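Everything on this sheet refers to the single structure shown next.
Just so you know, these numbers come straight off a predicted model, no measurement behind them.
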Amino acid sequence: MTKYRYSIGLDDKYLFGTELEFTNVYLDDISKLFRESPLPVRYALHHKSTGFTKYDEWYLDMDSTVTKRKEGRFFGGELSSRILTDKKEIWIELKDICYLLRKAGATINDTCSNHIRVNLSCIKNEPYFFEVLSKIIALYEMEIKSFYMGDDYLTRSTSFDYARLLSGYLIEYINNVNFYDPDCLYQFRHYRGVGYFTRRDAINLQDYDQKKLMEVRYANGSLNEKIIQNNINFTLKLVDAIQRELFDTIELSREVNRLKESDWYFRDLFEETSYNNFERLVKNISTSSEDVDDFMSQYENVLSKRPRL
């Protein structure tokens, strides 16, 4: 495991947030532990539905896929972060929160996730951004999914319902999409009555129109601050690389056509990944050698734990 970092080289360029899902601990018990700490954590049930949440502190709450009722108490839940930036004090705070969760006895099971939200208000060329993002997902989703497994090679039991993969759908028609159509995202979300980039998909753009938010839902749960940091950093560096227009849309379109003409269906079916594909993507989005080491180390760790056929 590479070292935990206190800067990923972005400063305040992007606003982001994260959700840490966990189990094996009662929410009122862990709330008491946080109240006794200096960390900005509030026990706030149903905080997402109140409409008054400022996200200037972390919120301890239930989660529909994780929380159970035991003897009238809530068992397991999630921590939703305040609005974060790439600052030393933020990374210290994340590390301390993970430490207290582990100290309280919190653990991860196969229903837990680590969601990442990014504010995309700084995106200047929307057609380019969403074209590249869609085609990268179409081409590299199996590798990206493997990276976000984080601790172990494990497909989350709830991912089909709450983090659906998109590549199998995108490959078929992505090169025919007019990304300059102002209704492009709406059409994605309502495609043939199914819709993509919704709250049930691995990339959620449901809140982009009103709040300029993108949510990444691939990642399995983790209480390891380094893995959570890697998940956040990978997400931000991918966004940043697209924002800086580092990808050739014509070449991406060619790659999509090549993949479409191949046996890509069987690749998705058997969850095959390509080390070279992921390494190429990592080198394109990374802004330092530390990024490359962090991303490749996590990916290699996941692959090393994949069961042998």
**Asked** Does a donor on one side chain sit under 3.5 Å from an acceptor on the other, for Gln206 and Asp201?
**Response** no
**Item:** Salt bridge flag under 4.0 Å for residues Asp29 and Arg73
**Value:** yes
**Message:** If the condition is side chain to side chain contact (heavy atoms under 4.5 Å, CB included), which residues does Thr67 pass it with, not counting sequence neighbours?
**Reply:** Met62, Asp63, Phe74
**Message:** Can you tell whether the side chains of Asp86 and Lys13 come within less than 4.0 Å, N to carboxylate O?
**Reply:** no
**Request:** Verify the distance criterion only: is there a donor paired with an acceptor across the side chains of Asp294 and Asn233 at less than 3.5 Å?
**Result:** no
**Side-chain donor-acceptor contact under 3.5 Å, Asn276 with Ser274** = no
**Prompt:** So, are Glu225 and Arg5 salt-bridged, with charged N and O less than 4.0 Å apart?
**Reply:** no
**Message:** Restricting to side chain to side chain contact (heavy atoms under 4.5 Å, CB included), what partner residues turn up for Glu251, sequence neighbours left out?
**Reply:** Asp248, Arg254, Glu255, Arg258
**Message:** Regarding Glu215 and Arg199, does a basic nitrogen lie under 4.0 Å from an acidic carboxylate oxygen?
**Reply:** no
**Asp291/Lys283 salt bridge by N-O under 4.0 Å criterion** = no
**Asked** Do the side chain of Ser167 and the main chain of Glu141 share a donor and acceptor less than 3.5 angstrom apart?
**Response** no
**Prompt:** Does a donor on one side chain and an acceptor on the other come within less than 3.5 Å for Glu89 and Tyr6?
**Reply:** no
**Asked** Are a donor atom and an acceptor atom from the side chains of Arg156 and Asn220 found within less than 3.5 Å of each other?
**Response** yes
**Request:** Ignoring hydrogens and angles, tell me if any N or O in the side chain of Lys135 forms a donor-acceptor pair with the backbone of Thr249 under 3.5 Å.
**Result:** no
**Request:** Establish, yes or no, whether a centroid distance under 6.0 Å links the rings of Tyr173 and Tyr191.
**Result:** yes
**Prompt:** Any luck finding a side-chain donor-acceptor pair between Thr235 and Tyr148 under 3.5 Å?
**Reply:** yes
**Request:** Using distance alone, with no hydrogens and no angle criterion, decide if Lys237 and Ser286 have a side-chain donor and acceptor under 3.5 Å apart.
**Result:** no
**Message:** Can you see whether Asn119 engages Lys211 through a side-chain donor-acceptor pair at a distance of less than 3.5 angstrom?
**Reply:** no
**Asked** Are Phe234 and Phe147 near enough that their ring centres are under 6.0 Å apart?
**Response** yes
**Request:** Please check if any side-chain donor atom of Trp58 sits under 3.5 Å from a side-chain acceptor atom of Glu93, or the reverse.
**Result:** yes
**Asked** Can we say Lys212 and Glu126 salt-bridge, meaning some charged N sits less than 4.0 Å from an Asp/Glu carboxylate O?
**Response** yes
**Request:** Check the side chains of Ser222 and Asn114 for a donor-acceptor pair under 3.5 angstrom, ignoring hydrogens and angles.
**Result:** no
**Message:** Side-chain heavy atoms under 4.5 Å apart, restricted to Ile/Leu/Val/Met/Phe/Trp/Tyr: what other residues fall into the cluster of Phe75, or is it alone?
**Reply:** Tyr26
**Prompt:** Quick one: are the ring centres of Phe179 and Phe130 less than 6.0 Å apart?
**Reply:** no
**Request:** Using a strict 4.0 Å threshold on nitrogen-to-oxygen distance, state whether Lys32 and Asp28 make a salt bridge.
**Result:** no
**Validation row, ring centre Tyr162 to ring centre Phe160 under 6.0 Å** = no
